[in-house]
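Along the sequence shown, residues are numbered consecutively beginning with 1.
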Amino acid sequence: MEIKDKILRQDMEEIAGDGNLTDNLRNSTVFVTGATGLLGSQVVLALACMNRMQNSNIQIVAMARNEEKVKKVFGDLADERDLTVYYGDINSPIDYPGNVDYIIHGASPTSSKYFVAHPAETIQTALKGTEYILEFARKKKISSMVYLSSLEVYGAPEGEKQRIGEKDYGYLDPMSIRSSYSEGKRMAECMCAAYAGEYDVPVKVARLSQTFGAGVEYQDSRVFAEFARCAVEKKDIILHTKGRTIRSYCYTKDAIRAILYILSKGQKGEAYNVTNMDTAVSIREMAELVCSLYPENGIQVKVEIPEDAASFGYNPEMVIRLDSSKLQELGWKPTVGLKEMFERMIKSGFSSCETEG
C-alpha cells in the first residue's frame with residue numbers, strides 16, 4: 001500500500017517512526033469509529049504505516065457506514081489483511097465479534113451548518129453513539145479508549161483568559177440550537193467519566209482544537225478549507241462575521257500523534273487539550289495570513305455580514321487559547337505551525353486520503 005499524496009505519506013511515515021507509539025501498540029487490535037473522516041482515516045493510515053515500516057502486527061478495525069466512501073478513502077488498503085472494515089451505524093449497538101484491545105471513537109458530525117439544520121440528530125449521535133461504543137468497550141474489556149471531543153465544550157469563557165486549561169469551562173446556552181454540538185460533546189464526556197468511574201472502562205478524552213492539514217478534502221466546508229480554496233481559486237476571502245473570534249489550531253499529523261499518545265499514556269477518566277499553543281489567531285488574522293501566502297494573486301479579506309448569518313451556524317464571538325501543557329507532559333509536542341499547516345494542506349492538493357496498492 002502506498003499513499004498517493006506525498007505530503008500525507010510523509011506525515012504518516014513520521015508518525016510510524018515514533019517508537020514511543022509503535023512499541024505500545026504492537027500485536028494489538030485497534031477499533032476506529034468515524035474511520036472515513038479526516039482524523040479517523042489518518043489514524044488508520046498511520047497504523048497501517050506502522051505495520052509496513054515497523055512490522056507492528058496491528059490489526060485495524062475501521063468502522064464505517066458507506067462502502068463506496070471506504071474505497072474512495074482507503075483504495076487498495078481496504079483489501080489488506082491487517083485492515084477489517086466493520087460496516088455499521090454508530091447509533092446502533094455494535095456487534096463486532098473479534099477481540100479488541102484499543103478503541104478510538106471519532107464518529108461525529110463536524111459541519112456547523114449541519115448542527116443548526118439537524119440539532120436533534122447531532123445530540124443523538126453524541127449520546128447514543130458514545131453509549132454504544134462505551135458498552136462495547138466494557139464488554140470487550142479493552143486496554144484503553146480515546147473519545148474525540150472538541151474545544152467547543154468550553155463554551156464562551158469569561159473575559160480573555162491567557163490560556164484555557166482542562167478545568168476552565170465557560171457559558172453555554174442550552175436553549176440555542178447551535179449548542180447541540182457543544183452540549184452533546186459535554187454530555188458524551190460526562191458519560192465517558194461515568195463509565196470510567198462506575199465500570200472501570202479505561203477511557204480518556206482528547207479535546208481537539210480545529211485541526212487541518214494534508215488530507216483535507218477540497219470541498220470541506222470548514223473555515224480553514226474555505227480560506228485555502230479562495231487562495232487556490234484567486235478569490236477574495238469573504239467573512240460573514242467581523243472575524244474577531246480567537247482560537248488555537250493543530251496540524252493533522254500532530255493531532256493523530258496526540259490521540260495515540262493519549263491512548264497509550266493518558267490517565268483513565270482524564271481530558272487532554274490537543275492544540276499548538278503558538279497558533280492562536282483571530283479568524284480575520286488567519287484570513288489575512290492565507291492572503292499573504294499568495295501575494296501574486298492579489299486577493300483580499302472583505303467583511304459582508306448577511307441578514308441570515310445565524311443560519312451559518314457560527315459560534316458567538318469568543319477567545320479560546322487552549323493550554324496543551326497537560327498533554328505535553330505525556331511526551332507529545334506539536335511540530336507544525338499555522339503558516340506551514342496551510343502550505344502543506346494546499347500543497348497536498350486537498351487529498352481525499354486515497355491510496356494505491
Side-chain angles (χ1 to χ4, degrees), residues 7 38-39 110-116 150-152 154 156-157 160-164 178 181-182 208-255 274-322 324 334-351:
I7 303 294
L38 176 63
L39 295 181
T110 57
S111 165
S112 293
K113 288 185 178 181
Y114 182 90
F115 307 153
V116 172
S150 165
L151 63 82
E152 292 209 20
Y154 291 112
E160 287 195 17
K161 194 159 185 170
Q162 188 61 30
R163 298 286 182 200
I164 302 295
R178 178 58 179 79
Y181 180 74
S182 308
L208 295 150
S209 58
Q210 276 211 332
T211 301
F212 65 93
V216 171
E217 292 188 7
Y218 192 77
Q219 295 303 325
D220 192 300
S221 63
R222 285 168 288 185
V223 65
F224 49 79
E226 290 182 8
F227 289 177
R229 275 197 305 276
C230 287
V232 171
E233 297 173 9
K234 301 180 181 181
K235 296 179 180 178
D236 289 338
I237 295 177
I238 308 299
L239 299 184
H240 295 137
T241 71
K242 293 181 180 179
R244 293 190 293 223
T245 285
I246 295 175
R247 294 194 190 100
S248 51
Y249 299 84
C250 194
Y251 185 62
T252 40
K253 176 191 69 178
D254 290 337
V274 179
T275 198
N276 182 335
M277 291 191 285
D278 294 333
T279 63
V281 294
S282 71
I283 298 296
R284 175 78 187 235
E285 289 170 332
M286 188 168 73
E288 289 171 346
L289 169 66
V290 174
C291 289
S292 73
L293 295 177
Y294 299 92
E296 68 277 9
N297 290 351
I299 64 172
Q300 300 177 350
V301 179
K302 297 181 179 179
V303 177
E304 297 178 5
I305 301 176
E307 292 183 6
D308 63 341
S311 68
F312 287 81
Y314 300 130
N315 267 325
E317 189 177 293
M318 65 185 75
V319 176
I320 300 186
R321 301 182 184 94
L322 293 188
S324 60
T335 62
V336 179
L338 191 62
K339 181 174 180 286
E340 189 180 357
M341 288 165 63
F342 275 105
E343 289 172 340
R344 292 181 72 81
M345 179 175 70
I346 293 170
K347 189 175 180 181
S348 80
F350 293 77
S351 165

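The shortest side-chain heavy-atom distance between Glu317 and Thr241 does not fall under the 4.5 Å cut-off. Counting heavy atoms from C-beta outward, Ile320 and Ile246 have side chains that stay 4.5 Å or more apart. A heavy-atom distance below 4.5 Å is found between the side chains of Arg178 and Glu152. Inter-residue side-chain proximity for Val232 and Ile346 is flagged as met; some heavy-atom pair is nearer than 4.5 Å. Contact of the Arg321 side chain with the Thr275 side chain is not registered, since no non-hydrogen atoms from C-beta on lie closer than 4.5 Å. Put simply, the side chain of Phe212 does not reach to within 4.5 Å of the side chain of Asp220, judged on heavy atoms. Within the 4.5 Å cutoff, the side chain of Thr110 has heavy atoms near those of the Arg222 side chain.
Applying the side chain to side chain donor-acceptor pair (under 3.5 Å) criterion to Tyr249, with sequence neighbours excluded, gives no partner residue. With sequence neighbours excluded, no residue satisfies salt bridge (charged side-chain N to carboxylate O under 4.0 Å, His left out) with Glu296. Among residues two or more places apart in sequence or in another chain, the salt bridge (charged side-chain N to carboxylate O under 4.0 Å, His left out) test is passed with Arg163 by none. Partners of Tyr251 under the side chain to side chain donor-acceptor pair (under 3.5 Å) rule, at least two apart in sequence or in another chain, are Asp11, Arg344. Residues forming a side chain to side chain donor-acceptor pair (under 3.5 Å) with Asp278 (at least two apart in sequence, or on another chain): none. Every residue was checked against the side chain to side chain donor-acceptor pair (under 3.5 Å) condition with Lys234, not counting sequence neighbours, and none meets it.
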Which donor-acceptor pairs under 3.5 Å do side chains of residues 335-342 form with protein atoms, sequence neighbours excluded?
from: Thr335; atom 1: OG1; to: Lys253; atom 2: NZ; distance (Å): 3.3
from: Thr335; atom 1: OG1; to: Asp254; atom 2: OD1; distance (Å): 2.7
from: Thr335; atom 1: OG1; to: Asp254; atom 2: OD2; distance (Å): 3.4
from: Lys339; atom 1: NZ; to: Glu343; atom 2: OE2; distance (Å): 2.6

Distance-only check: which donor-acceptor pairs under 3.5 Å involve side-chain atoms of residues 284-294, not counting sequence neighbours?
from: Arg284; atom 1: NE; to: Glu288; atom 2: OE2; distance (Å): 3.1
from: Glu285; atom 1: OE1; to: Ser282; atom 2: N; distance (Å): 2.8
from: Glu285; atom 1: OE1; to: Ser282; atom 2: OG; distance (Å): 3.4
from: Ser292; atom 1: OG; to: Leu289; atom 2: O; distance (Å): 2.6

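Interatomic distance, Glu226 CD to Ser221 OG, rounded to the nearest 0.5 Å: 6.5 Å.
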